[in-house]
Each structure stands twice: as structure tokens, then as C-alpha cells.
Number of protein chains: 2
Amino acid sequence: MGTENAGTEQRQPVMADVAKLAGVSHQTVSRVLNGAPHVRPDTRERVLAAIRELDYRPNSAARALVTRRSQTLGVVSFDSTLYGPASMLEGIERAARSAGYFVSVTSLRSLDGRSVQEAVDRLRDQGVEGVVVIAPQTSTVSAVARLSSSVPLVAVGSGNQTQVPMVSVGNRYGAGVATGHLLDLGHRTVHHVAGPANWLESQDREEGWRLALQAAGAPVPEVERGDWSARSGYQAGLRIAELPDVTAVFCANDHMALGLLRALHEAGRSVPDEISVVGFDDIPEAAYFIPPLTTVRQDFGELGRRALELLVEELEGGSTSRAHAQISPEMVLRRSVAPANRR
Amino acid sequence: MGTENAGTEQRQPVMADVAKLAGVSHQTVSRVLNGAPHVRPDTRERVLAAIRELDYRPNSAARALVTRRSQTLGVVSFDSTLYGPASMLEGIERAARSAGYFVSVTSLRSLDGRSVQEAVDRLRDQGVEGVVVIAPQTSTVSAVARLSSSVPLVAVGSGNQTQVPMVSVGNRYGAGVATGHLLDLGHRTVHHVAGPANWLESQDREEGWRLALQAAGAPVPEVERGDWSARSGYQAGLRIAELPDVTAVFCANDHMALGLLRALHEAGRSVPDEISVVGFDDIPEAAYFIPPLTTVRQDFGELGRRALELLVEELEGGSTSRAHAQISPEMVLRRSVAPANRR
DNA sequence: TGGAGAAGTGTTAACGCTCACAAGAGCTCC
DNA sequence: GGAGCTCTTGTGAGCGTTAACACTTCTCCA
């Protein structure tokens, strides 16, 4: 018996094997694979048949080596367990797939700049062609801006950093609409449970809230600050329940609103009869809170999709557009809000 | 001026550049990079200095080509927006990183077998060394079992498919404990809001619930079926609220329990005074439902981690262990449960 | 003092693919 | 009827790395 192909150990077929079986040169196989023109139909058929027969798969490393393109994009995210980041990731992945890219993810250990640099370096070492950073914190964004990286990069989050192309939600706008809605209902002012101070989203939502109050000539109460979690919303709620004349609260996200609702419930303050509550995000559960939560919807999936489009554009169009795309949030009215009692 | 390095267009440095700068051969650079023995300390230093100076990064495609190892693992997931899959993904990514692998994700378009095959093929084309499939549905799992794939593969989910190594949560056990707990509190029986019929997790939890009832000689009420969403839990809740003698409900997940709580609230049925409710998963918000939800915690992150360990073991140890690892869930007691009223 | 073996380094050949170019076949057009 | 096309296919040279092996210089002990 021959020496080659001994035992069960047969290596993966390569292009040359396909070529031999089809009776053509390896280059013709390559042409078929890459849809090059000027291949006679019957030749193409023979090649395809050989490919099927051998179950041949092109070696992506070899291709990447010579083309200098890995067909892979990287995504850096912080807490991909949260609904927002997870949805963005999914949006990014879907968009990447339909643009013909693979997606490699890596999560941040911590929020300092070093960690961001590490993550991006890791992706670069893997040979990604571009990177999307899901970077909602000031520290992350500024780290990204400082990043020494030769890789095209898009950030998705908030803020108006001009260094880096970015896709973001109109947080200020959304917060303004929510606050304005409450004021229009006759509430003298609106309290605010803000997110962490170092998140851009917090800052923007807080600013939108503040500006809306000022524009209406309403007093600006002191902010309660949470960390996005339901727990922190609950604690803020306990404090707010102590205040005598609160009639409306705008929470920087739905999870904190959930905690707030429970705190108010336990304190015997009825929502919306005594106090109106508005959240932000429109997580799928918000409609099933007690009572159903009025909130500001942002389309995370779309956010991810747009970020990826921007990256691909930069990658393929070559246009280093410093564009900032913005996505408008939209208010969703539910039962947690009512007109102020005119006492 | 010279012809090379004209203008700003300078290519990435390669190993040969480092070698030249350090005055050694490229092989010595390779040795330094890969921590090979028998390199004189001062040579190593010179090489490292050259690497730093040029900001050299090894080309992963070239390395992958020759070593036949991509250092990349693939993850297939279905709805990575849900808390469970998202947490698993995060657990997998972290574990992969510390084992020295990159992670490439792809999500399923739909739940049929073709879609699973497509996803795995896609990852294979990219050259992943192994795949983790987050496959909680019967269809997915059986598709995985049928999969024609030469790539090592681990499933994470539920069920007792023997074809494929798998990591799963003790769903039956957890459901049994939850049901038993309610029975112990004096409830005559426990109603159940199940998940989708084609999910293994649903099936196992339902079975655990049923067995516990039977073991206690309790009647087995008809199952209400949802789709994991709060909305479906709400609808099940509306139906359950109509039933006269319900005193305890076990929901197959926390989101449906949230919907159920609201339906009961609207129907004026007090939880836990009239009806006790138990969920499953222990999502972070469960502690802030009204009332706080008693539930069965499963550690998704750990699940992902274990799946990855299994895969790496198979990859590196070569042991094609057909092992099924199980993770025990744990009951978390909160206020949504009370002893039955002895009327 | 010589020579075996270890330590340290270099040379060459893959890995599997695409790109640039060459070259034959068949056609058109004056 | 042959110059000049286009269509179709093949040949050879890399891409940047690691693996295998060869070679030179030490070290150490008989």
C-alpha cells in the first residue's frame, strides 16, 4: 500500500487537491471560489463538484495572509450582561454578518484607559480590520480618543467627543421630552434619579432634564444618584419617598425605575396617583412593571447596526468620516404617569 | 531620496525588520516571541528593544497558517439579548481569554437545524478550533447532535442528549425544590407557567414540577404555557386569576413571573397573601419586583465558564470526554411566598 | 588537550492561498 | 489572412510565520 494517506489520519483537502480532482490548476479553483469572471461554465461546474466531493474549505489563514484582510471585526464591550450592550452586540453581529465580516468580542476588565487599550490591542493582535467600542463611560470614551491604534475604530455610546466617529442616542433630547411631558401635565417640577456620574449617558440625560426644567422656569431639585441597578433605584426611592412634595420622578433608566416603584409602593405612595414615574430605555419588561412604566425607548439594535455601518464605510469607502450619527429616542406612554393633582 | 519608504505609506513591520534592527536572524526573533529556551539574555533584550521600537506585532494569519491553530473559538447563540445567554456569553469570553483564546460569535437566524449547521459552518470557515453552542431548544440540540462537523463542539443548555458533551443546569432538580418548598408550606398543589414546549429547559422544569407534585401525592393542574416573555406571563396570569382555588404558582422563569405578578395585582389577588409565586433564574431585577420574587438561581456565568473548560480540555487534553457537567441551582427565598392560609 | 555534548544562532523549506503575468485558443475586422 | 482583440487557463512568486535541521561556539571533564 502507498505511503500517503495511511491510516485514518487524512489531512484537510487543500486547493491543490481540488484542482487535481477537477483537472485544472489551483488558480482556476481560486477563480471559481472568488467569483472571478472568465471561467467557462463547465469548468466552474467541475470545480464545484470537486469541492463538494472533497468537502473542501478554503483556509482562511492563508487567504488572510496574502490578502491582508481578516474579514473580522472586533467589539469591545463592558458589561454585556446588561440589556443595552447585549442588544447592541446583537445588532452589530447581524450587521457584520450581512456585510461579510466575522465578529470577535472581548469584554473590559475594568473601566480605566489601560484596560481599554489592552482590549483593543488584543483585538489588533488577532488581526481585526476594525473595532467597535461600546463605550458609555467618560473614561472609556476619552481612553478611546487617546488610543494609539492604527485600526479604524467606531464608538457607540453617548457624548460628543469629536476625536472618534461615534453613534449615539439623543439622550439629552429624550430626557428633555420626558421631563417636558411631566411638566406639561402640570407637575410643578420633576425629580431625577441619575445614573453613575462617570457615564456619558447619565450626564446627557441629566443635562436634558435640567435644561427642560430651566426652560420651563421650574425649580431644579437635587439629583439622586444611582448606578443603573434596580437596587440603587430602590434606595433612591426610599429617600424620595421621604420628601413631602414630590409628584414626578424621571429615572435615568428602567431598572432604577423598577427599584423606585417598589420603594414608593412600600412607602405607600401611589404611582401614578401621587407620584408619576418615567424611565429610560424601554426594556421589554417595562410594560409589565406595576404600574406599567412610561419610558423613553431607544433602539439598541439599530444603534449597533449603525455603528457597524459606519465602521464598514470607513473600512471600505476609505472615507475617514468623523461623522456622528444620532438616533432619536421616542417616548412610550404607559400608566405610571398622570396629570398633577390640582389641590 | 531612496525609493523605499516613500511618502507616509510605510507597511507594518514584520519579523525580518525586527531581526535586522536587532542584528539577529528572524528565527531568533521568533524564539524570543515564543519564549523558546536557549536564547542568550542580552540577545533577548536586544530583540525586545527592537520590537518595542518598531511597535512590531506578529501577524496572526501567518502564524495560524503554519501552526494550524487559530487561537479562536466560536460561540453560537440564539437570542443573546436575554439575560441567560448574554451572561453565558460573557462567562465564555472571560474563560476563553484566560485560556488564551479569542472568541468569535454568531447568532442563529432561526431555530431549525439548517440554521445551526450554517452557523457552525460559518465559524469553521473562519478557522475556529472549537465551538460552544448555546442551545436550549430541543431542535437546536438535536441539530447539534446530527451536525456533520469535524470541529470539537460543546453544548450548553439542558437535556440529556448523549451525543455531545454538554454543560447544563439541574433544571429538574431546581424545579423540584421550588415546588417542594411550596408544598411544604401547606399549599395543596402548585400551578405552573411553563416555557415554550420546544425548549429543553421548559421540559425539564415542567418535569421537575410534575414529579414533585406526584411524589407528594398532590393533584397536577393543567399547565399554562408562555414563551419566556413578561407579556406571556401576564396573559397566563390573567387566566390563572380566574381560577378560584389557586394558592401557589411556579413560573418557569422570572420574566414570566413578573408578568404574572402584574396580572394578579390587577385582578386584586394579593401576593403572597392569597397566592405564592416562585420564579426561576434569579435575574438581578427579581429582588425588586412587587413583591420581591422567590426564585431559583442559576449561575449562567459559571455555566459558560464550565462549557469553555470542557471545550478546552477536549481541544488540548485530547480527551474526547463525553462528559455532561451539571450545575446545581439554588433557591433564593423572598417575599413572594408565604405559607398557605389554613382556612 | 581534545572531544562530547550543550547552548546559541542561522538557513532553508514549508504552510495554502492570491496576484501578476504569460500564453494558447478562438474570434473579429479590414 | 494576419494583426489585434477577448476569453480562458496555467505558472511562478510571494505573503510572514514556525519547524527542522545545520552550524558555530562554549563548557566541562577524562
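For the side chain to side chain contact (heavy atoms under 4.5 Å, CB included) with A:Leu108, the qualifying choice from A:Asp79, A:Val76, A:Ile134 is A:Val76, the only one to do so.
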Could you go through A:Arg306 and A:Glu302, starting from their C-alpha distance and side-chain angles, then the distance that decides it, and tell me whether this counts as salt bridge (Lys or Arg N to Asp or Glu O under 4.0 Å)? CA-CA 6 Å; A:Arg306 291 282 284 279; A:Glu302 175 68 13; 3.7 Å; yes
Given protein heavy atoms under 4.0 Å, the one-letter contact record of nucleotides 9-19 of chain C, with B base, S sugar-phosphate only and - none, is simply BBBB--BBSBB
In B/S/- notation, 5' to 3', how is nucleotides 23-28 of chain D contacted by protein heavy atoms closer than 4.0 Å? ------
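Formation of a donor-acceptor pair under 3.5 Å by the B:Asp299 side chain with backbone atoms of B:Gly301 is found in this model. One N or O on the side chain of A:Asp17 and one on the backbone of A:Val14 form a donor-acceptor pair closer than 3.5 Å.
In this structure, CD in A:Glu313 is found 11.0 Å from CG in A:Leu308, a value given to the nearest 0.5 Å. B:Glu45 contributes atom CD, which lies 10.0 Å from atom OG1 of B:Thr43 (distance to the nearest 0.5 angstrom). With rounding to the nearest 0.5 angstrom, the CD atom of B:Glu93 is 11.5 Å from the OG atom of B:Ser104.
Nearest heavy-atom pair across A:Met15 and A:His26 is SD-O, 3.5 Å.
Counted by atom type alone, B:Ser60 and A:Gln126 present zero donor-acceptor pairs between their side chains at under 3.5 Å.
Overall bending of the helix from C:dT1-D:dA30 to C:dC30-D:dG1, expressed as the angle between end axes built from five pairs apiece, is 50° (10° steps).
Taking 4.0 Å as the cut-off between side-chain N and carboxylate O, A:Arg305 and A:Glu309 do not count as a salt-bridged pair.
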